[in-house]
Amino acid sequence: MTGTGLVARTTTDPTHRPGRWLALSVLVLAVLLVAVDATVLGLATPFLSEDLKPSGTQLLWIGDIYSFVIAGLLVSMGSLGDRIGRKKLLLTGAVAFGAVSVLNAYATSPEMMIVARALLGVAGATLMPATLALIRNIFHDPRERSVAIGVWGAAASAGAAVGPVVGGFLLEHFWWGSVFLINLPVMAVLVVVGVRLLPESKNPAPGPWDLAGVVLSLVGIVGVVYAVKEAAAYGPRWDVAAAAVIGGLALVGFVRRQLSIRHPLLDMRLFRNRGFSGAVLADLLTIFGLSGLIFFLSQYLQLVQGRGPLEAGLAELPAAVGAVTAGLLAGRAARRFSVRSVVAGGLAGVGLATAALVGLTENTGYPLLGGVLLVVGVGAGFSFTVTADVILSSVPREQAGAASAVSETAYELGAALGIALLGSIVTGVYRGFPTPDAVPAETASAAHESLGGAIDSATTVPAHQATELVTAAQDAFVHGLSIAAGTGAAILLTASAAAWFLLRGSKLEDDTLEDDTEESADAVERVG
């Protein structure tokens, strides 16, 4: 096996110096930066809809263009970090992420917002692979690395909790753009502290960066996801078919190119490892089943149940609490029981909890919602933490960036597909609601674009018509959400079954192995 750590021989072994945990705290800030941004968008959507007045399609693009771009670039950016240095890429990306957040905050049209979210995806693609790759190179002891990955995952979940609460507070006191400006102080601390504490690490013999591969992966992933999104929302069209064909051919070309060149962006032979492939597939299916539901849940809490932004953010806390707790315990649980039992069991719990939302109504009580969110958080926390550990443990350190990028690509691709497919189910069902009599055609058209649009347009008609219009729109939205929950539950239970079979025999490392590169030892020395 390729070396994954240093043997602890003396009390002065650099793997046991405290600097590595300080470095982890910087990586946690980067994770928070991305997680907070992802969660505040859902809360800001009703306010954004009222101000920018996007169409239903534009609203979906605002929600998923970030995932489209980041998914298309993650492998390329992970490989770039392996070549130029993960610290350098992380800090550069953090500065860009903060700068583009300002553009998001001051967007003045749906088109500008979509472009700003796409640019944020470019910056975000540099952050997540770099953080996991640095963990792989800083923590050489497998058990310590499991703890570090658990902290990393817990930070993402904590960001998911902090985002709605802080975002809700900001939305109740400031305009919707303020939720993006909270990235700036986090970015500033990350850069100032990271310059001093983070070690630089990279592949000592990386070879040239494959620009043709970058283009093929971006075109392939964006093309395929676009085709799925548009076909789910509007049915087959010539442009959808063209995007699917172009995307598919680009992905085939990417795989063939990576297998034939000497220094690939991604070593496709990694997928011969069943544990690696099973972990990647589990991640993709899990977030696929959850993302569409999560995207619309904040709208349900605010626009259907009438909660304020802060109250809606607090209502989503159980998921984050469960994920943080499970993430910190996941490594120990996987070693005591087995990788496949922890991952498959966690996903089964998430699937069953999601299935409970099939009976969702406008008046569903919070005890049920809170219980579902808690179980979802616990199950996802166990699954994502263990699969990340499996993926990182399956590769040598010099390929950590590319492997981390595969993990993150599965996550982001699943998110994009989930929002596209499950979101399109919600949107498709919603658009079919019957318009009450005597409502003007222009008002009815605006109401059918989105639930936020229906509530906004209802203010232009008499009170009795407004009540009927909003009630009909809310009923249709909840019906679509319940169908999406059932679809998501089926996907999650399928992911559980797949994990059970594909992760058979997979184990987390228990012993520290001999170091295999001088570069790795130097990196640890710099951390200390």
Side-chain angles (χ1 to χ4, degrees), residues 40-64 107 109-111 113-114 164 167-168 171-172 175-176 179 229 232-234 292-309 311-313 315-316 357 360-364 369 419-485:
V40 297
L41 180 63
L43 282 173
T45 296
F47 300 87
L48 186 151
S49 298
E50 181 180 354
D51 189 14
L52 302 183
K53 294 180 173 53
S55 66
T57 300
Q58 287 175 326
L59 194 61
L60 284 178
W61 273 109
I62 290 170
D64 59 25
S109 68
E111 294 80 8
M113 189 67 185
I114 291 170
L171 288 168
E172 289 189 353
W175 97 112
W176 60 264
V179 301
K229 171 187 175 298
Y234 303 107
L293 186 67
I294 292 171
F295 180 73
F296 285 100
L297 186 60
S298 291
Q299 295 181 61
Y300 168 81
L301 292 171
Q302 293 178 80
L303 300 180
V304 176
Q305 294 202 330
R307 303 175 189 270
E311 184 183 359
E316 296 177 24
L357 296 180
L360 195 69
T361 69
E362 292 88 337
N363 301 314
T364 297
L369 290 173
I419 292 176
L421 181 60
L422 301 184
S424 297
I425 290 174
V426 177
T427 302
V429 172
Y430 172 79
R431 284 176 173 166
F433 79 84
T435 305
D437 295 336
V439 172
E442 184 178 348
T443 301
S445 177
H448 280 84
E449 286 294 333
S450 67
L451 182 55
I455 293 175
D456 185 44
S457 63
T459 61
T460 64
V461 298
H464 70 281
Q465 291 181 354
T467 301
E468 292 179 9
L469 179 63
V470 170
T471 299
Q474 289 176 334
D475 288 344
F477 181 86
V478 172
H479 182 50
L481 191 56
S482 66
I483 294 175

Keeping the roles fixed (side chain from T364, backbone from T361), state whether a donor-acceptor pair exists under 3.5 Å.
yes

Taking all heavy atoms of A454 and all of L469, pick out the closest pair and write down the distance.
O-CD2, 4.2 Å

Listed by chain and number, what are the side chain to side chain donor-acceptor pair (under 3.5 Å) partners of Y300, not counting sequence neighbours?
Q305

Qualifying residue, where the test is side-chain contact (heavy atoms from CB on, under 4.5 Å) with V304 and the options are I455, V470, L451
L451

Spell out, as yes or no, whether a donor-acceptor pair under 3.5 Å connects the side chain of Q474 to the backbone of L303.
yes

So H479 and Y430, do their side chains get closer than 4.5 Å, heavy atoms only?
no

Rounded to the nearest 0.5 Å, what separates atom CD in E111 from atom CD1 in I62?
8.5 Å

Kindly indicate whether the side chain of L481, heavy atoms from C-beta on, has any atom under 4.5 Å from the side chain of V429.
no

Contacts of type side chain to side chain donor-acceptor pair (under 3.5 Å), residue S482, not counting sequence neighbours:
none

Compare every heavy atom of R431 with every heavy atom of H448, then report the nearest pair and how far apart it is.
CD2-O, 2.9 Å

Looking at every non-hydrogen atom in both residues, tell me the closest pair between I425 and A484 and how far apart they are.
CG2-N, 4.1 Å

To the closest 0.5 Å, what do you measure between CG (L297) and CG (L360)?
8.5 Å

Correct closest heavy-atom pair for A447 and F433 would be O-CE2, 3.9 Å

Step by step, work out the side chain to side chain contact (heavy atoms under 4.5 Å, CB included) result for L301 and L369.
CA-CA 10 Å; L301 292 171; L369 290 173; 4.2 Å; yes

